[in-house]
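Each chain gets a letter, A, B and so on, in the order the sequences are listed, and its residues count up from 1.
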Amino acid sequence: MANTLPKTPMLDELETGEWPSFVKEIKMAAKENPMSSDLLALLERSYKEKIGHWKHGGIVGVMGYGGGVIGRYNDLPEEYPNISHFHTMRINQPSGWFYTTDALRKICDIWEKRGSGLTNMHGSTGDIILLGTSTDQLEPTFSDLAKIDFDIGGSGSDVRTPSCCCGMARCEWACYDTMQCCYDFTMAYQDELHRPAFPYKFKFKFSGCPNDCVASIARSDMSIIGTWRDEIQMDKDAIAEYAANGMDIKSDVVDNCPAKCMEWDGKELLIDNQYCRRCMHCINVMPKALRPGKDRGATILLGAKAPIVEGALLSSVLIPFIKMEPPYKEIMDMVERIWDLWCEEGKARERVGEFIQRVGLGNFLEAIEVEPVAEMVAFPRENPYVFYEEYFEEGDDDEEEGGDDE
Amino acid sequence: MAKTVEEIAEAMFKMVKDATGMKKLKPTDLIKAMKELYGDDVDKKLCKEAIKQLVNSGTCVYTYFGGSFIELPHREGAAND
């Protein structure tokens with residue numbers, strides 16, 4: 001049965017721009033679904049009053065799980081009864097966000113029956129976001145989704161739903177099978193995904209190459225980024241063809257190399273691979289001529305976060321190169337050691353990146369049994385008062401103590 | 001003597017119950033407390049199993065208020081009927 005839409009002059013303004021508007025989508029859903037209709041009315045009211053009318057629900061969820069449902073109630077339930085409850089469900093997306101249309105139809109059918117019908121494909125977490133349902137519909141929705149092989153994702157202080165780029169499925173640069181790896185990690189850490197047991201959230205993101213299409217270096221606590229350790233593959237004829245077709249190889253490729261490890265004499269391109277930083281710039285500019293090397297794996301980085309409790313951090317190198325071969329035992333053992341330490345010593349709401357900054361990288365590496373290497377240095381040294389343990393010999397301590405008197 | 005999952009779950013439940021209204025306990029708080037209480041008779045895996053049992057049975061629930069906690073089931077203040 002079609003509903004009468006509430007009057008929303010301020011929201012209507014958002015439909016006049018050239019970009020698709022969420023207002024248009026909510027209006028479409030509101031014709032059939034009273035939750036969406038009330039949502040429009042409440043949102044218009046919030047725009048007028050400049051006050052949000054949502055309350056946080058911290059308990060709602062499905063039996064046995066501690067994550068995946070974000071509780072929301074409105075503070076005017078008598079006026080907007082259809083959205084008195086408006087909980088969000090995060091659903092674990094398939095690796096690389098590949099669906100059949102049949103699967104998408106089934107998800108939408110479930111949500112039209114159990115919720116507002118509104119979805120967010122996809123949220124910034126990577127999950128399928130199902131927006132708006134009531135507490136009594138959470139278990140039936142969970143059950144319906146399980147029947148079509150979908151599970152709830154992560155939220156709260158747990159492993160968040162891992163996500164990856166489309167990897168080898170569509171991209172020639174993928175240095176490892178990101179989709180398989182993402183799936184394997186998701187399955188291996190089901191317990192950690194559904195049962196929050198950490199000081200705060202922990203995110204894995206898998207990128208197949210340094211182009212990092214899922215921005216794992218900025219958005220995940222552990223970024224696993226594909227790379228190679230041998231030489232960039234080069235097709236000299238194709239390079240000559242680029243030059244013949246007018247590409248200015250010096251200014252477009254060589255001068256933009258961050259390591260300055262390339263030379264172009266007008267005929268031949270030389271790459272000093274030992275200084276290559278695997279930034280992908282030259283490969284992106286001349287994809288027919290250059291390719292990642294053949295000895296491929298990944299760099300593992302740790303510690304990124306967005307600014308919530310403290311400022312933003314990018315991940316920094318933990319393992320410069322590792323072969324990415326199932327069952328990833330070496331990586332998972334290291335992950336366990338990191339979690340053990342962080343759970344033991346981390347403060348509430350302290351991300352692993354912040355934890356490393358607090359305890360110091362040296363102490364952190366020692367505790368997780370990883371040897372320090374030069375690639376871990378994120379910035380050049382700024383403080384000259386650095387204590388290099390291996391340079392001190394017996395008796396040095398006495399000299400140090402003597403020096404304190406000065 | 002090594003403890004059973006049931007024994008750990010019972011001890012954890014008592015902790016959560018005693019802390020109700022005073023402090024929200026995180027799973028890590030419970031695990032650390034069990035290690036302190038029982039020493040080498042418990043390990044992290046056993047403690048996680050105990051938490052799982054408490055939550056799966058509905059004796060305790062996970063809650064989220066800026067971080068994730070384990071509490072007794074209750075009606076939260078923000079909830080609408």
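Contacts of residues 151-158 of chain A with chain B at a heavy-atom distance below 4.5 Å involve A:Gly156, A:Ser157, listed in sequence order. Heavy-atom proximity under 4.5 angstrom to chain A picks out B:Lys44, B:Lys48, B:Lys52 from residues 42-53 of chain B. Heavy-atom proximity under 4.5 angstrom to chain A picks out B:Lys26, B:Pro27, B:Thr28, B:Lys32, B:Lys35 from residues 25-37 of chain B. Of all residues in residues 5-19 of chain B, none places a non-hydrogen atom less than 4.5 angstrom from a non-hydrogen atom of chain A.
For A:Glu192, the part sitting under 4.5 Å from any heavy atom of chain B is the side chain, from C-beta outward, and nothing else. Contacts between A:Arg349 and chain B at a heavy-atom distance below 4.5 Å involve the side chain alone, from C-beta outward. For A:Tyr200, the part sitting under 4.5 Å from any heavy atom of chain B is the side chain, from C-beta outward, and nothing else.
Side-chain contact check for B:Tyr62 versus A:His194: every heavy-atom pair is 4.5 Å or farther apart. Counting heavy atoms from C-beta outward, B:Asn80 and A:His85 have side chains that approach closer than 4.5 Å.
Remark: side-chain polar atoms of B:Glu76 are paired, donor with acceptor, to backbone N or O of A:Gly58 under 3.5 angstrom.
Across B:Val61, B:Asn56, B:Ile70, the residue that shares the most heavy-atom pairs under 4.5 angstrom with chain A is B:Asn56. Comparing A:Ala197, A:Gly61, A:Pro196, A:Gly66 by how many heavy-atom pairs each has under 4.5 Å with chain B, the most go to A:Pro196.
A 6.0 Å sphere centred on CG of B:Asp40 holds no more than 12 heavy atoms belonging to other residues, nucleotides or ligands. For A:Glu330, the CD atom is loosely surrounded, since the number of other residues' heavy atoms within 6.0 Å does not exceed 12.
A:His56 and B:Tyr64 make their closest contact through NE2-O, 2.9 Å (heavy atoms, listed as atom of the first residue, atom of the second, distance). Nearest approach of A:Ile59 to B:Thr63, heavy atoms of both residues: CG1-CG2, 3.5 Å.
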